[in-house]
Amino acid sequence: MEALSHNNIHDFLAVAGDFLNADPVNNSVHLTSADAAAQGRRTPAVLISLHDNGTVVGAVTRMEGRPLHVAAMPPAAAPHVVAALGDREINEVTGTRERVNAFRALWREGGEEIYALRLYRLEDLVVPDVPGESRPATPADDDLITGWWTAFVAELDGLPRAEAEKRAADSRWMPAGHVVWHVGGVPVSWAASTTPVGGVSRVGPVYTPPEHRRHGYAAAATAAVSQWAYGEGVDHVVLTADLANPTANSVYQGIGFRAVSDWSEYSWA
């Protein structure tokens, strides 16, 4: 097996693009990150294609400010990836659990798993019967969504507001569909989804302020943004849920999402 490093996103996609597109559900993060890099909205830090007897069998990517992504790395390729990375500073890795474990066992001792995740794919959408209705977000919702995105990041990562604001701001430029669920004209929940790449749109974040929870609004907003994605022509709608949050996992399963694979995010930071 051989690991080849690429300095140009277009060269990387010319080599590994067909391989990644053959499994767009599991490779969705690779594909959306590469698409953003090709459009100049992300800066690639690591682009590695993996070959076995001249055939592409995997890929590893990392964008500046993001974890190393190994969802498309065969576990047996981990030694070759570690060798190709050399002395680069890698403090976080994410991907399917088996592949993360194969990489981290060779990369560095210590560290900890910061997220245990499950990837879901929507099969038959069940639209919940919940009061209210959805509408696409507009520029007038910018302050609302910025505030909710910041609150989502702060709650998920246990961060002080200032750092959460920065992380939310880093994500806001991502092209996406945004749906606001409102009841009697009052916004009560919000869901976003990535612009389709490779026939896949990835839902998230989904956020409901604490005072509006336990009414089914998050399920309704998720269903609505999934319908938006289908309207954009996707073949698959996917999302990842934190296994530490059984409520969220139950909500997503209740509207038709089914488990695909278990993921991990590991950090030495």
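It should be emphasised that the depicted structure is a prediction, and the values quoted were computed from it without experimental measurement.
- Between Arg88 and Arg62, the closest side-chain pair of non-hydrogen atoms is not below 4.5 Å.
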Side chains of residues 214-233: which donor-acceptor partners sit under 3.5 Å, not counting sequence neighbours?
from   : atom 1 : to     : atom 2 : distance (Å)
Thr222 : OG1    : Ala218 : O      : 2.8
Ser226 : OG     : Thr222 : O      : 2.8

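- Partners of Ala105 by side-chain contact (heavy atoms from CB on, under 4.5 Å), not counting sequence neighbours: none found.
- Clustering of Ile, Leu, Val, Met, Phe, Trp and Tyr side chains at separations under 4.5 Å leaves Leu243 isolated, with no partner residue.
- For residues 50-59, the pairs satisfying side chain to side chain donor-acceptor pair (under 3.5 Å) are Ser49-His51, with sequence neighbours left out.
- A heavy-atom distance below 4.5 Å is found between the side chains of Leu68 and Val46.
- For the side chain to side chain donor-acceptor pair (under 3.5 Å) condition, the pairs that include at least one residue of residues 247-259, sequence neighbours left out, are Tyr120-Asn249, Tyr120-Gln253.
- When the side-chain contact (heavy atoms from CB on, under 4.5 Å) test is applied to Ala84, the partners found at least two apart in sequence or on another chain are Ala3, Ser5, Ile48.
- No chain of hydrophobic side-chain contacts below 4.5 Å, direct or via other Ile, Leu, Val, Met, Phe, Trp or Tyr residues, connects Val25 to Val29.
- Nearest heavy atom pair, residue Ala34 against residue Ile9, reads O-CG1, 3.7 Å.
- Side-chain contact between Val15 and Val56: present, with at least one pair of heavy atoms (C-beta onward) separated by less than 4.5 Å.
- Hydrophobic cluster membership is shared by Phe103 and Met1, with clusters built from Ile, Leu, Val, Met, Phe, Trp and Tyr side chains linked at under 4.5 angstrom.
- In this structure, Gly95 and Val70 approach most closely via the heavy-atom pair CA-CG2, 4.4 Å.
- If you check the side chains of Thr194 and Thr32, you find no donor sitting under 3.5 Å from an acceptor.
- Closest heavy-atom contact between Val57 and Phe19: O-CZ, 3.2 Å.
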Only pairs under 3.5 Å count here: list side-chain donor-acceptor contacts from residues 123-134, not counting sequence neighbours, and write none if there are none.
none

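- Expressed to the nearest 0.5 Å, how far OG1 of Thr43 lies from CZ of Arg66 amounts to 11.5 Å.
- Heavy atoms only, all atoms of each residue included: Thr61 and Phe12 are closest at CG2-CZ, 3.6 Å.
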With a cut-off of 3.5 Å and sequence neighbours excluded, list every side-chain donor-acceptor pair involving residues 261-269.
from   : atom 1 : to     : atom 2 : distance (Å)
Ser261 : OG     : Asn26  : OD1    : 3.1
Ser261 : OG     : Trp263 : NE1    : 2.9
Asp262 : OD1    : Arg118 : NE     : 2.6
Asp262 : OD1    : Arg118 : NH2    : 3.3
Asp262 : OD2    : Arg118 : NH2    : 3.2
Ser264 : OG     : Glu113 : OE2    : 2.6
Tyr266 : OH     : Arg104 : NH1    : 3.4
Tyr266 : OH     : Gly110 : O      : 2.9
Tyr266 : OH     : Gly111 : O      : 3.2
Ser267 : OG     : Ala269 : N      : 3.0
Trp268 : NE1    : Arg108 : O      : 3.2
Trp268 : NE1    : Gly110 : O      : 3.4

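- The distance from atom CG of Leu122 to atom CD1 of Ile255, rounded to the nearest 0.5 Å, is 7.0 Å.
- In terms of heavy-atom proximity, Pro44 sits nearest to Ala37 at CG-CB, 3.8 Å.
- Of the inter-residue distances, the one linking His6 atom NE2 with Asn8 atom CG reads 10.0 Å to the nearest 0.5 angstrom.
- Taking 4.5 Å as the limit, every side-chain heavy atom of Ile145 sits out of range of all side-chain heavy atoms of Phe152.
- For the atom pair Arg202 CZ and Ser28 OG, the distance stands at 4.0 Å (nearest 0.5 Å).
- Rounded to the nearest 0.5 Å, atoms OG1 (Thr240) and CZ (Phe257) are 10.5 Å apart.
- Under the 4.5 Å side-chain contact rule for hydrophobic residues, Val260 and Leu117 share a cluster.
- Using a 4.5 Å heavy-atom threshold, the side chains of His236 and Val234 count as separate.
- At a threshold of 4.5 Å between non-hydrogen side-chain atoms, the residues Val179 and Trp190 do not count as touching.
- Val81 and Leu47 fall into different hydrophobic clusters, where Ile, Leu, Val, Met, Phe, Trp and Tyr side chains are chained together by heavy-atom contacts under 4.5 Å.
- Side-chain contact between Val237 and Arg121 is absent, with no heavy-atom pair separated by less than 4.5 Å.
- In Glu64, the CD atom is crowded: over 12 heavy atoms of neighbouring residues, nucleotides or ligands sit closer than 6.0 Å.
- The ring-ring contact (aromatic ring centres under 6.0 Å, His included) analysis of residues 24-47, with sequence neighbours excluded, yields the pairs His30-His69.
- Separating the OG1 atom in Thr195 from the CG atom in Asp35 is a distance of 8.5 Å, to the nearest 0.5 Å.
- Shown here are the side-chain contact (heavy atoms from CB on, under 4.5 Å) partners of Pro24, two or more places apart in sequence or in another chain: Leu31, Val200.
- Using a 4.5 Å cut-off on side-chain heavy atoms (C-beta onward), Pro209 and Trp148 make contact.
- Residues passing the side-chain contact (heavy atoms from CB on, under 4.5 Å) test with Pro210 are Tyr207, Arg213, sequence neighbours excluded.
- Linking Ile, Leu, Val, Met, Phe, Trp and Tyr residues whenever their side-chain heavy atoms come within less than 4.5 Å places Val100 and Val60 in a single cluster.
- Judged as a salt bridge (Lys or Arg N to Asp or Glu O under 4.0 Å), and not counting sequence neighbours, the contacts of Arg135 are Asp141.
- Proximity of a side-chain donor or acceptor of Thr96 to a complementary backbone N or O of Glu98 within less than 3.5 Å is not detected.
- The two residues Ala76 and His80 make their nearest non-hydrogen contact at O-CD2, 4.0 Å.
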